[in-house]
Each structure stands twice: as C-alpha cells, then as structure tokens.
Amino acid sequence: MAEPPMNTSRRQMIQHVVSLFAKEGGYEVIEKPVLETLTEMFQATLFEFGRSTRMFTELAGRVEPTVGDFTMALIDMGFKVDPRGLQTYSKRMTRPMFSSPQTLPLPKVPPILSAGKKRALPPHIPDYFPPLPDPHAYIRTPVHAQPITDYATCREKTSQQKRDLQKSLCNFYERTSSCYYLLPENESLFPLLLPKPATYLNPLIPQDQIFEEEQILTPLNFVKKEKPKEHAPKPDDDEGGDDVLATTQLTTTPSWELMDNPFLKPTVLRMTHKDVRVSK
Amino acid sequence: MHQVIHLEGISLQRKNIIGLVELTLVARRPRLRIVKISCKQCKIYKVTINKTETEFSYYDPAIEITETEHPNNQYSLDQFAVHHRNAVLECDPDAGGGEIVIRIPPELSHIIDEGRRFTVEMEYSLEHPQSGMHFFVPDDPSGQERAHMFTTRHENSSRLWFPCIDSYSEVCTWDLEFKVEENLVAISCGDLVETVQDTGRMKTYHYFVSTPTAAPNIGLAVGPFEIYVDPNMHEVVHFCLPGLMNLLRWTSRFTHEIFEYYEDLLATRFPYSSFKTVYVHEASEEMTSYSSMCILDTNLLHTSAIIDQTYITRRFTALSLAEQFYSCYISMQHTSDAWLSKGISNYLCGLYLKKFFGNNEYRHWIHSELQEVIKFEQQYGGVILDPSLLDKSSTSGTTGIGNLCSNSNNSLQQAPRPSHVSAEGGDGDFYFSLVNPQTISPLYLKIMAKKAHLTIRMLEHRIGSQLLLQVLNKQLSLASIYISQTNESGNRIVSAQPINPNPPGTQSGQTAPGANPTSPMLISTASFTRAIFTVTGKDMTVFMDQWVRQGGHVRFHMSFIFNRKRNTVELELKQECLQQLGVRKYVGPLTVALQELDGTFKHVLQIEGTQAKADIVCHSKSRRQKKKKIPLCTGEEVDMDLSSMDADSPVLWIRLDPEMTLIRAVDTRQPDFQWQYQLRHERDVTAQVEAIGALEAYPNQQSRMALTDLIENEQAFYKVRCEACSCLTKIANLMVSSWTGPPAMLGIFRKLFGSFSCPQIVKQNDFSNLQHYFLLKTIPVAMASLRNVHGICPSEVHKFLIDLFKYNDNSRNRFSDNYYRAALVASLGNTVTPVVSLLQPGSDITAESLSSDTRIIMEEISRCLNLEKMLQCYKFTVTVECLKALRKLQKFGHLPNHVELFKDYACYGQFHDVRLSALDAIVDYTKTDGKLEDVEYLLDIIENDPNPRMRHDLSRLIVHCLSEKSADRRSKTKLPFHNKAIALRIWKKMNYDLAIDARLRCDLVDLYYTLFGTRKPVCLLDESQQHLADEITSRRKSPLTVREDVDFKPEVVEEVGEAELPNIVSAGVLSSKHESMASDNSAELPDALDSSLPTSFEPEMFRTEKEIEIESSEREVKAKFRSDTKSVESKDGEVEAGESSSHKKHSHHSHHHSKAKKKKEKKKKHKHKHKHKHSHEHKKKVKEETLSSASSGSNSPAQT
C-alpha cells in the first residue's frame, strides 16, 4: 500500500527507533519483514496510547492530557505502571541516542510583488475594509505581444492541432480496444482498430462532421390550411354570438391538418366496421 | 382475370408467411383438364376450384438441371445451358407452363366447357425464403424493432412468394390483404382501401389494384416504416426506416418535379392514383419497380451535404418513375420484348437527366454507355435485344416454343428436342440461353438495358423526338381509354387476352410478338413497329431487323488523304474484323462531319460494302496569312492558332457519326494536330473525350499543351477535364525523359486550389463550385500515377499529397468532404510501385525493412482508417479506399501479404461497400497467392451470406476480376480456383441448389464459364484424357491460331504451352453428341470462342520471360515494361480482341511495341530455349508451394 509521503517519514523515524531498540536488545542483523512487523506493532501501540489518553482526557472534560490520563491509558491497555522503574529505565546508561530529526527549513514566503501603486480606499468604502489589491488585479492592462496573422503559420498551426487531436484520440482507442497488427512483431507500428459491425444508420448518418440541418418548419405530414371565409361564420352561428372574436381569429390564423392520405387515416376497428356493414 | 392475395400471418421473427390466393380464371379453350400455376419455394396445403378440393402435383424441373450421369459430357456448360433452358421453358408462364399442375375435377368440367369463370383457391405458406422475399431481422435484441421484410425480383419471379401466373403478359386486377403486427406498415401496390384493426394487436392492410397489372409487378414491403407524405403531391408517399426521416425529406424533395416533367413530356397523367417509394435495408437491387410502388435501397438516401450520391440517387428516382409508365403500366407481351420497356424507360429517364443535368452530361453518359456496350459485345458477343425470332428460326419451325410447351403438357418429363444453344445466338454465341431471362447472365441483362436505351435513342434520330413521344403518348392514352371502358362496363375483367394456362398446340403463333394486338396494355416489338407506322408513316421493320433482332455493333476504320490538287479529302472507310465477336456489317447512311477553316460541313455517305471510299470536296481553301475567325458547328466563331496545321489542307478535323446515331465503334486515323484541334475547339463533349483517348498515343509537347489548356479551361465540361487529367498523366509518363518543369498538373492545381497568399497550401474546402470540386478530387489521383525516370512516384508529388492531407480543412464547408478524403487515400495508393526488393523473396517484411515513404503512407492510412472507426463518414468511403490502398501496398511487397486483415472487414454486419472492397482485396489475393481455403472462404460467402445482394455482388466481383485482369504471373489454370473440388462445388451449387435464386444461378454459370469455359473443366478430366487433349490440341494448332500471329504462336505452345493447354483441351473433348446437336455452323463457332481463351494467356507467358530478360539487359524494354503495368493489361485485351485494338486507350503505341517485342523474343527464344525452360520450371516450383496439396496433385500431370 502506497502511503502518503508524510507518513513515510514518520514511519522511517519509527523504524529507526525500533531498530535502535533491537540493537540494544543485542541483535546484530534484522530481516526486513521482521523490522516491518515490529514497526507496525510499535506504531499501533503508540497510536493506541494516544487514542486512549485522549479518551480519558475528554472523559474528564479537559482538552489537554495530564500524566494521570496517560497512566490510565497504560493501565487500560494492560501495562503495569511502575513510575520508578520507568524513570530508571529512561535514565539507564545503555540508553541509545539518536540525533533529533532534521527539519526542513520552512520555505520562505516570497514577498508579494507589488505592481503599480496601491490606491487608497475610495470614500464610500469604510476604512475598516481591507486595502485594495494591486491595480493589475482589477484594472485591464494592455498586452503588447503581436498576434500571428501570417496565413501560412495559422493554417499550419490549426492543421497541426487538429492532427494532434486526432492522433491522441486514435492512440487512446488503439490502447483500449482490440487491434489488428500489420507487423506482428512490432505492435506499436500501425495498429489498426478492428471494425465494428454497422447498422443501417451508421453509413447514412455520418459522424465526422456536423452540418446544421435546416429546421423543419412545417410539421410532417400536416398541411397548412386556411379556413375559407364563407365557412367561418357557420360554426360561429351554431355556437352562438359570444365567440365572434375567437372565430374570426381562426379564419386568419392557419390551422394544421393531417394530409389527406390513406396511410395517415386512423385504423378502422373490426367490430365497428362490421356494424357499419350490417347497418348498410 | 382477378387475383386475391391474402397474407394471413407475416412473421418477421420467424421469417415466414402464411397466405391464401384466389385466382379467377377463364379457360380459353374448351375441354381444359389441367391448370398450371407458377409457384416456387412455397408449401401448398390445399387447392380448391370453386370450393371443391382438387388434386394437384408439384414439379419444378429447374431444381435439378442436369440430372443423369453423362459419362462423357458431364460438367460442361454446353450441356448445362441446354438443360437449363429446357427446364426453365417447361415452366415458362408466358407459354402457359407452371410448376403446379392442378387437375380439374370432372364434375367441374362443364364450367370450363361453357367458358365460364372459375376460381382457384390455394392455401400456402413460405418459410425462410431464399429469394423473392427478403427478411431483414437483426440478431441483437435492440435491432429487433428495425426488422422488416420486402419482396425482391429478378425478372419475373413473383412465383417465389405467391402462386400466380408469373408472366408479364397476363394482366389482371388485384385485391391484396396483409395482416401484420400493430406497429408495422404493409406497403403494396394499388390504393390502400382501408386499414382494419383486428383483435390481438394485429391490423390488416387492404389494397386494391384497379389497373390491370401483371403478377411480376406486384410487390410488398412490411416493416416499422416512417411515413412521409410528399408535401407537393399528396398522392405520393415515401417510407423509410426509423431514424432516416431527415434524409428522406431531402432526397425526395425533387420527386414531384420528375412527375411533372414526365407528365408534360408524355402529355398524359401519371397512370396510377398513388405512388409509394419504400427505402429498405439490404435491398437486392438499388431499385425495383412495382406497379405504383418502388422499393429502393436505403443507401440511396443522403443529406444535403453529400454531393456525389445525389447524381446516382437522382438517376434511380427518375428511372423508377419512368418504369412506372413503361414496365409497370405498359407491360410486355413476351419476355423477349423486355428491351422495349427497358429501353423506353431508360430513354425517358435520359430525357429528364438531360434537362436536369444538362446536355453535356447527357451526351457523356450516352457515350459511356455506348463504350460499355461495345466492350461487352467484343468480349462476349453481340447482344440481341429481341431474341424471339432468332429462337424460332434456329429451332427451325418444327419445334417452336409453343410446341415445346404443348408437348410438355402431355409428358412433362423430357420432351426430346434438338438443342441449339451454341448455334442459337448467330453472332451472339453465348454459353447461356437467350430465350428466357431466367437463364441469362445478369451482366448481359444490364448491358441489354443499355443497348435498348441506345436503340430507342437511334429511333429518336430516325423518326424525330416529337414523333417518338407521340407514339408513346398514343400507347399510353389507348391503354387508359381501354381501362376506363372496361371499368365503365362494370366488369373488372380487364384482360383482353383470356388466360389460358394450358395452351393448345396451335398457340405457338399466339405467343409470337405482336400476334395479339388487342391489348393496349402490352407492348411488343411488332406492335411498337406498327404504332410507329400509324403515327409517322415510316416503316421501321428494317430498322428493327437490323438493330433489334440481330446482335452486335458496327465498327469502322477511317483513314483519309488530302488531295491538294483537287482540294478533296479522299476518305476510306473499312469495316474490318467482321468475324470478330460482337461485330457485324452495316449497310446504310453514315454521317461524316468535316471541320474546315470555313465551318463545319456534314456529309452523308451511303455505306454499301466492307470497303467504302469517298471523295469529299472541301468547301474552303487553305490559307495561311489571313486571320479570320473560324465558325464551328454550334455557330460560334473562334480564333485559332493555325500554325501547327498542315499548310495545304483546310481540314481541321474529321468525325464519323458525330451524333452517335449508330451503335458503333469508330477508329479514326488522323494526325495528332487534328486531334489537338478537335480537343481544343470542338464543342461536343464526346468529340473531346475521343480526342483525349486518341492523344494518349501522341506523347509530345503539343498534346501536353492542348490537355493542359483544356484542364484549365473553365468553359469545358468537368468530366472532360477530369479525363484530360488522367490522359495527361499517361503522356507525362511517356515523355518522362523530355519533361520539363514541375510534375504535370502541379501548377494547375496550385493555380486553382492554392490559397491566395501561399499557393503551396491548399485553400480551405469550399465545394460550392462543383466543377472545381470534381477537379479537386481528380487531379491528386491523376498526379499520383506520375512516375519519374526510375519508374517510381516523384518525391515532389509525394510531398504534395501528404500536404493535402495535412492542410485539409473542411470547417467552413457546407458539403461533406468524405469523397475528397477518399480520393486522397486513393491517390496515396496510386503512388505505390512494386518494391525494389533487397530481401530474399520469402523473407518476412519487418518494421525495419519498411521504406520511409511506406511509413509515411501507412501513417496516413492507419490514421484515416482508425479515425473512421470512431467518426465514420458517409458510406465509409474513406475505409473503402483505405482497404484498396492497403491491398496495393501488400501486393507490391511493401507490407506482409496477409489476408486476415480483410476478412475482418468482409464479414456479415459490416457495411456493404466496405465488405465489397475487402472482398475485392481477398479475391485479388487469392488470385495471386491464394490457397484452396481462400477460395472456399469466398464460395462460403457466395453460398451462405445472409444478404442476397452480397452473394450476387461477390460472384460478379470474382467474374470481373478473373476476366478483366487475367494478365498475371500465374496462368489461369494455376489459379487456386482451378481445382477439382471447387469445380465440383460450383457445379453442384448451380445445378441442384439454386432453383430458387435464378440470378445467383446465372452468376455462378458466369463464374463457371470464366474459370473453365464451356467444356468439361480440365481439372475434372483424368490423366489419359488430359494427354489426349494435349495431342489433339497440338494437332489443331493452326485453326486455333488463325487470327493471331500464326508463325509465332505454335512456338509458345511447344515451349511454355503446357500450362495453358487445358483451355484448348475443350477442342478435344468436343463430343460427337455436341456436333450432332449443332447441325449447321456450331462446329466452327466453338473455335471462334475458344481461340480467344488460350490466346489471352500469351502475354503473361511472355511476361515471365520478359522479366527474365529485363534482368539480363534490354534497356528499352525495361523502360517500357515499367512505365506502367497497365500497358500489359491493354495488350492483353488487344490480343484477346483480335487484331483490332483501335479505340482502346493505348492502341497503336503499345501495339507496335508488343509486336516488335514479340519478334525480338522469337529470335531470342531459339538461343535461350533451354534457359527459358529452366527458369520456367523454377517459377513453377515456387508457385506449387503455395498451392494446396490437392490442387497441385491434380494439376501436376499437366505441368511436368
């Protein structure tokens, strides 16, 4: 498992400690897996100390741990607490020493570049607001680099860009899907993607370019019909005089009617069909 | 009389239909005892006559063509053709035949005797049809809703999906009912009367066809089609599959204009009250017309951004409507009258195209059709438009067709009759019978349609276009009057010719064309001639005899001398090689157009013999100094630079038959400057095309200038300009040593398409100028064929092409550039030349051995090909070209020669065009390096592919590939196709398995013929027979080679001939039976046919030797040979076509060279005799390795 870099340095530290202890214990050589295991155990123990100490601290309603909390934690983990013994152990002669880890110098914060003069706050902004940033952050500044207007270079660049795009797309697909290799011994040279089966739509609806299709102005299979004016008043009369306005509007606005074609007619139900015949 | 079709269940998933047909018939003759109905493939459950169940029997003689074991002659096409013809004729519905024989029960015989109507009702089903009806059901579940079905047709083949009288001459009214699932639409002929919703999610479409229609014109399509009613004409409805509505709207937006045009032209209304076009997937042909309905291939649809497809689609749409008038509405009397309906509909379509695309396009099209017809006739023999009389005469009165059939009434099995297949064609000596379209090769039918069109156009020239249209108008109006009369009388029985399914013995007279003039719904050669006579008063019988009932075309050789003293042109016209295939003599008027300094003068000469001389007095004197404008035939006056012409002669150029009023091949001999004048100043596109063809033989500075000027001329027709490009390439290649300046056409291209500020970068695409668009596509392809002194593509051209790829920018274009990109890929392919190999043959090509050019080419091709997988273009045009280019790279040894790559693209599920292109590559591979498995792979596709169109196309492809480019390193008999197993397999398939698919059967016959000729294939002979054959061949050498260089041919036979022997073998196997069958002239004819076969292999024999010689020394030969491989090809064609050469592109030039070379080699041969033999054997060994053990085993006796 790849660990984040922070942990690796800590781990190195712990490893160092563990190996020192091992040396103190009289070992000359340690195998890597053993060291790893010990390190792991040591780390887990330390972690558990810390965790339970914190628990006790918080249980007591404190924020900072005391010796008591630590002692409780040790006991909780099953260690026999012997303060005297600990003290002597820490002050024993054979105590291995190791240099304190080097700390990297803190990176210098570069001084903020100031470009132009900072403006004073305008009168409508109260002075407890932070000062205005550098003017370039909010004022447009002209750039003086000359744009490329040479036709040949432009074409060159656009075509190069397009080709790069296509090439990387191809590369991606060549890596991800199965290919035919023209030269079996050299797979990197000219891999050809295997063809996919095509439906009847694929060849007819190309994907390589998108053209703007003219919009369908009229609904399909419908025909625009303006109602003749003679007929307009008739339904008007039937319905009554209230809708005069509405119907006159109808005569002017075209309506869409289904074209007169047998294929567009609704199907006749078998039952009704028979009935009609019978009645006839 | 009347027929009802009632399809109860149409199941797309199970691919079956269950139906019921009801035929109302009237006996034409009393005492009729049996009724014959055509029906194939269907399972019939029950037959009733007037509700009385009756017995019936089913017998289809076409199921097994040659059934008995003939010890000697089996596996020969000669025999097959006879049997095939008899089998088809036995069931020919035109003559009253049919596969189903129904006995009329005695209790009903009184009805027949009284001449009353009776109904025959048949219940039947059809499952997994092989042909006649196609179900497209995708396998994946998501595609299930796209499943649909439709009928297909090859000539008259409606019997494949319902029992009927499957003849064009039996017209009747129809009631059609189709019960389909709720979400589907059933589209058929006639008017949709109603749609009824049934119980259980089914609905029934009910159609009624009030216009009398023949059974083959009944069609059906069922599927989830989207409906689009034409906004301009509400009677017209278009249907397409889901998702294609936008394309359909764009494609169909011109349909109403075509309607209007035809109605105006013919001065009649459209004959039907409705019209439907249905676009379906996997259609068997681009377009099939049924009465008031048309089924088209969905691949004809296109969007507004597509240019090239528009022309093709428009033509098919126009043709489909023309066929509604002639073919569907006016049907034909007999299948031999098919030329009329084909010719007239094509003629009408042509007139529309002339109006729509312009006169130039029209003339160019006519010219190309003419060339195609001529080419076919020279290769296979004369096309006879109306074979009816011919058949009669050859079967010599005693056994006419009618008699044949009346015989077959009594004993259906085998009526003994003399067979005249080989003698049949007269000058068209074919390996198939011309009597019935079911036996004719599809290629022949295609060419026949073209020739019919040309013939109708000739008629137009004879009687005038107005009068011809009047004739057509009269026919149409008579038909409509006839229909309205019969309808008024309240009787729906419209057919004037009562159906007589069992013709009496005297019927032979009635089946003759024109014997029945009463029905105006039918057209025949005789009735048409009569109609012309009544309208115009001109008797066209002679014309019909000359051009319709006789095959072949005429062929003129013209040369002239200018006589200065008398100021005349002494013209000499010769009709040579009349013995040659497809050529015949012509007697009659011929126009000669003379362009002089004072204008164009037309002279009509009467041609009477094979040699004609005429002195034509020139109207103008030659002049040198006076600068005056010269009038042209169009009336314009132009300035010309006259410096290069002959100072004495006022003749600028001469043309024979400028209006193409004959079906002719013309070989005009005139000096190069005349051709150049013709190219520059003649306004007729056909003259320009001819001049371009002729100039290929004159590689000089003047030709170069003339061509360059033409390409740059914005006034010239774009197709001529495009052809000039390829001609300029050839000239440049011939002039390579003296060529100055940058590669040909580079300057023109930069001038036209270079961007303003830096001409070496191509402009952003803008295809709004279509002339430029086509030039833009053509020039790179032409330039890519340029070669430098070393015979390879110049590096400048290479760079130029790569830059075109790089700077191609279509972002601001309204049109798609897919065809342009395809052309670019094609041009990359054209740059490839055979690799100069440093490796040992046989060692693998590795990444290191790739040349830098190949790397660059491959980079582009692989990028294009891979990109197309993600962002496909319209119809995968780029992929198609990429595959071709890859094959070329393989073929020329730049890439490892692997066929697996193409197999991925060739499998079912890929787009049709892509598959074809891949299969083309596979066929090409198989031809050169194939093994038996590859052939079997191809045959598997032919036999089993789910798409019937592919089966047909692939077999055509193989035939084309084998017959066109036979000049290869291997002789024909060494092809992997030449194998016992393959021969047997094809034979079996075409004999026993294809009773249903007549088109594929004829395709396979073509294939079989191309591979093995008309006799028993060599690979099927046993050893002793082969030896016998060898001996006989060597004895028969001289008659075989009469037309070739007599003195030199035998040597070939002796020295290297063994490989080619098998083709000549046929002479030896010529059985006594065959000779007895062919009484009159067939004994000679086979020779005429055969001699073309073996001789076609000579050049390739030489080629192997040539190669050896090249290696030794001979510089000029080297240059010549390298210049292009095509010249070899054309030489080949030349020899095959006899001496003629003439109008063929390379003509004189290569011809002379090849002759010279032959002589040279002849001398050498004596010296190097042993050496040759040795090298030849060596070659053979290498080849044998690639052959599978079986094939080499069977061939070995012939080789060693």
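The sequence lines fix the lettering, A, B, ..., with proteins before strands; numbering per chain opens at 1.
Under the 4.5 Å side-chain criterion, counting only non-hydrogen atoms from C-beta, A:Glu156 is not in contact with B:Ile761. No side-chain heavy atom of A:Ser159 sits less than 4.5 Å from a side-chain heavy atom of B:Asp809. Between A:Thr267 and B:Glu182, every side-chain heavy-atom pair lies at or beyond the 4.5 Å cut-off. Side-chain contact between B:Gln197 and A:Pro266 is absent, with no heavy atoms from C-beta onward closer than 4.5 Å. Side-chain contact check for A:Leu182 versus B:Met858: some heavy-atom pair is nearer than 4.5 Å. The closest side-chain heavy-atom distance from B:Arg855 to A:Leu189 is below 4.5 Å.
When heavy atoms are compared at a cutoff of 4.5 Å, B:Leu192 approaches chain A by way of both its backbone and its side chain. If you measure heavy-atom distances from A:Phe263 to chain B, the contacts under 4.5 Å come from both the backbone and the side chain. Heavy atoms of B:Phe225 lying under 4.5 Å from chain A are absent altogether. Contacts between B:His281 and chain A at a heavy-atom distance below 4.5 Å involve the side chain alone, from C-beta outward. For chain A, the nearby part of B:Leu247 is the side chain; its heavy atoms alone come within less than 4.5 Å. Heavy atoms closer than 4.5 Å to chain A are found nowhere in B:Glu282, neither backbone nor side chain. Contacts between B:Ala186 and chain A at a heavy-atom distance below 4.5 Å involve the backbone alone (N, CA, C, O). Neither the backbone nor the side chain of B:Glu226 comes within less than 4.5 Å of any heavy atom of chain A. Neither the backbone nor the side chain of B:Asp191 comes within contact range of chain A, judged by heavy atoms closer than 4.5 Å. If you measure heavy-atom distances from A:Gln166 to chain B, the contacts under 4.5 Å come from both the backbone and the side chain. Only the side chain of B:Arg821 comes within contact range of chain A, with heavy atoms under 4.5 Å apart. Neither the backbone nor the side chain of B:Ile861 comes within less than 4.5 Å of any heavy atom of chain A. For A:Tyr200, the parts lying under 4.5 angstrom from a heavy atom of chain B are both the backbone and the side chain. For B:Leu886, the part sitting under 4.5 Å from any heavy atom of chain A is the side chain, from C-beta outward, and nothing else. Residue B:Pro138: no heavy atom, backbone or side chain, is found under 4.5 Å from chain A. Neither the backbone nor the side chain of B:Val280 comes within less than 4.5 Å of any heavy atom of chain A. With a 4.5 Å cut-off on non-hydrogen atoms, B:Leu901 touches chain A through its backbone and its side chain both.
Between A:Leu204 and B:Thr298 the shortest heavy-atom distance is CD1-O, 3.3 Å. When every heavy atom of A:Ala152 is checked against every heavy atom of B:Cys758, the shortest pair comes out as CB-SG, 3.7 Å. Shortest non-hydrogen contact noted between B:Glu859 and A:Phe190 is N-CE2, 3.6 Å. Smallest separation of non-hydrogen atoms from A:Gln160 and B:Lys806: OE1-CE, 4.1 Å. The minimum heavy-atom distance linking B:Tyr807 with A:Arg155 is given by the pair O-NH2, 2.7 Å. For the pair B:Cys873 and A:Asp208, the tightest heavy-atom approach, listed with the atom from each and the gap, is CB-OD2, 3.1 Å.
Rounded to the nearest 0.5 angstrom, A:Leu264 CG and B:Tyr228 OH are separated by 12.0 Å. Remark: B:Leu867 CG to A:Leu165 CG distance equals 9.5 Å, nearest 0.5 Å. Rounding to the nearest 0.5 Å gives a distance of 11.0 Å between CD of B:Glu235 and CE of A:Met259. The line from CG of A:Leu201 to CZ of B:Arg146 is 6.5 Å long, rounded to the nearest 0.5 Å. Note that the NE2 atom of B:His898 and the CG atom of A:Leu183 stand 9.0 Å from one another [nearest 0.5 Å]. If you take CG on A:Asn261 and CD1 on B:Ile227, they are separated by 8.0 Å, rounding to the nearest 0.5 Å.
Checked by atom type and distance alone, the side chain of B:Gln910 never pairs as donor or acceptor with a backbone atom of A:Ala198 at under 3.5 Å. Checking side-chain atoms of B:Asn866 against main-chain N and O of A:Pro191 turns up a donor-acceptor pair under 3.5 Å. Between the A:Lys265 side chain and the B:Thr195 main chain, no donor and acceptor come within less than 3.5 Å of each other. One N or O on the side chain of B:Gln872 and one on the backbone of A:Asn202 form a donor-acceptor pair closer than 3.5 Å.
Ranked by heavy-atom pairs shorter than 4.5 Å toward chain A, the options B:Leu241, B:Val185, B:Thr877 are led by B:Leu241. Per-residue counts of heavy-atom pairs under 4.5 Å with chain A were compared for B:His912, B:Glu868, B:Arg863; the largest is that of B:Arg863. Counting heavy-atom pairs closer than 4.5 Å to chain A, the top-ranked of the candidates B:Ser816, B:Ser811, B:Gly243 is B:Ser816. The greatest number of non-hydrogen atom pairs below 4.5 Å with chain B, out of A:Lys196, A:Gln207, A:Lys162, is found for A:Gln207.
Shown here is B:Tyr908, whose OH atom has more than 12 heavy atoms of other residues, nucleotides or ligands within 6.0 Å. Around atom CD of B:Glu900, more than 12 heavy atoms belonging to other residues, nucleotides or ligands sit under 6.0 Å away. Taking a 6.0 Å sphere around OH of A:Tyr173, one finds it holds 12 or fewer heavy atoms contributed by other residues, nucleotides or ligands. In B:Arg814, the CZ atom is not crowded: 12 or fewer heavy atoms of neighbouring residues, nucleotides or ligands sit closer than 6.0 Å.
Residues A:Glu174 and B:Lys869 are not paired through a salt bridge, judged by the lack of any N-O separation under 4.0 Å between the basic side chain and the carboxylate.
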